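See below for the structure under consideration.
Numbers for residues simply follow the sequence, beginning at 1. Note that the structure is predicted; figures quoted are calculated from it, not measured.
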Amino acid sequence: TKNSYKISYYYEGVLSCDIEGKDITVSDMEDEYPKFKQDIKKKTHVKFTKYYQKSYVVSYGFISNNDFLNHGSTSIYEKSRTIKKYYIEGKLEGIVEYIDTYTDKNYKTEHYNDGKLNGETLLYFSPNVIASKINYKNGKKDGVSVEYWKNCSDREHKENVIYTISNYTNGILHGEYMMYNKEGIIMEYIIYYMGLAIKKWNRQQSEKQADILQMISNFEHTITTFR
């Protein structure tokens, strides 16, 4: 089919995809995907809708080198969720939202730059109730990550009680790690150096709070010595 505005493809008698755009030239379908005939010097902007058994994906982009390249918004529609993404020339950019179909609220958000996770990723137990905060840099955990107890809040501040606090550098545990019980009391304290636990304190093994305070005060000296 040539110079069509909309093309619908069927695979084994079932609608597989719709392609909408001007001056589209395609060949026969191979498997479940069409092959495009396109001058590699041109970019033909299209809307591409792919249907699956229990979901469908609506993507905007262009035909380049005989293939579809995401450029613009992409929405994935499933029974229980919708995922919204944005691409620039095939690479994820900006916020990715995971939306619960029944509440119409985000249960997860991610931030991308140049196709890699960058910034804060939030996961929710339920609308407005955060389960975790994880920071990324160039696709790897970097900085502080926090996990929270489920169904457990600080009555005074009306916030979920922290379960763990971790520190990462380039995807590796590096620095302080702390684990708390539901009352907000620290139960475990570990110092990591490039993924290796070099100091550890556990409340079940020692009830002396002075132990952990001494570890914190000696942290910088410990790292310097380890180097």
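Residues satisfying the side chain to side chain contact (heavy atoms under 4.5 Å, CB included) criterion with Asn181, sequence neighbours excluded, are Glu183, Ile185, Met187. Residues that satisfy the salt bridge (Lys or Arg N to Asp or Glu O under 4.0 Å) test with Glu93, not counting sequence neighbours, are absent from this structure. Residues satisfying the ring pair (Phe, Tyr, Trp, His ring centres under 6.0 Å) criterion with His71, sequence neighbours excluded, are Phe62.
Interatomic distance, NZ of Lys137 versus CG of Asn113, reported as 12.0 Å (0.5 Å rounding). Here the CG-NE2 distance, from Leu196 to His174, works out to 11.5 Å after rounding to the nearest 0.5 Å. Here Asp114 contributes atom CG and Leu92 contributes atom CG; the two are 10.5 Å apart, rounded to the nearest 0.5 Å. If you take CE on Met178 and CD1 on Ile186, they are separated by 6.0 Å, rounding to the nearest 0.5 Å. Note: Trp201 CH2 to Ile190 CD1 = 11.5 Å, rounded to the nearest 0.5 Å.
Nearest approach of Ser145 to Ile134, heavy atoms of both residues: OG-CG2, 3.4 Å. In plain terms, the two heavy atoms of Tyr52 and Val57 that are nearest each other are CE1-CG2, 3.8 Å.
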For residues 163-171, which side-chain donor-acceptor pairs fall under 3.5 Å, sequence neighbours excluded?
residue, atom, partner, partner atom, Å
Thr164, OG1, Glu147, OE1, 2.6
Asn167, ND2, Glu176, O, 2.8

Side chains of residues 80-87: which donor-acceptor partners sit under 3.5 Å, not counting sequence neighbours?
residue, atom, partner, partner atom, Å
Arg81, NE, Glu78, OE1, 2.7
Arg81, NH1, Tyr107, OH, 2.9

For residues 116-132, run the donor-acceptor check on the side chains, cut-off 3.5 Å, and write out each pair with its distance to 0.1 Å, sequence neighbours left out.
residue, atom, partner, partner atom, Å
Asn118, OD1, Asn138, N, 2.8
Asn118, ND2, Lys116, O, 3.3

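Paired with Ile172 under the rule side chain to side chain contact (heavy atoms under 4.5 Å, CB included), one option of Lys141, Lys140, Met194 passes, and it is Met194.
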Stepwise side-chain contact (heavy atoms from CB on, under 4.5 Å) check, Lys200 with Tyr192 | CA-CA 9 Å; Lys200 184 175 182 179; Tyr192 284 92; over 6 Å; no
Step-by-step side-chain contact (heavy atoms from CB on, under 4.5 Å) determination, Tyr148 to Lys133 | CA-CA 9 Å; Tyr148 297 88; Lys133 299 177 182 178; 3.6 Å; yes
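Using a 4.5 Å cut-off on side-chain heavy atoms (C-beta onward), Ile19 and Tyr9 make contact. Counting only heavy atoms from C-beta outward, the side chains of Tyr60 and Glu20 never approach each other to under 4.5 Å. At a threshold of 4.5 Å between non-hydrogen side-chain atoms, the residues Tyr189 and Lys199 do not count as touching. A 4.5 Å side-chain heavy-atom check between Thr101 and Tyr77 finds every atom pair outside the cut-off. With contacts defined as side-chain heavy-atom distances shorter than 4.5 Å, the pair Thr49/Val58 qualifies.
In the hydrophobic cluster analysis, where Ile, Leu, Val, Met, Phe, Trp and Tyr join through side-chain heavy atoms closer than 4.5 angstrom, Ile95 is grouped apart from Ile99. No path of Ile, Leu, Val, Met, Phe, Trp and Tyr side chains, each step under 4.5 Å between heavy atoms, connects Leu69 with Val46, placing them in separate hydrophobic clusters. In the hydrophobic cluster analysis, where Ile, Leu, Val, Met, Phe, Trp and Tyr join through side-chain heavy atoms closer than 4.5 angstrom, Tyr10 is grouped together with Tyr51.
For the residue pair Tyr98/Glu110, the side-chain donor-acceptor check at 3.5 Å is satisfied. Looking only at atom types and distance, the side chain of Ser59 has no donor-acceptor partner in the side chain of Lys47 under 3.5 Å away.
Without hydrogens or angle criteria, Asn202 side chain to Glu188 main chain gives no donor-acceptor distance under 3.5 Å.
By the 4.0 Å N-to-carboxylate-O rule, Asp100 lies too far from Lys105 to be salt-bridged with it.
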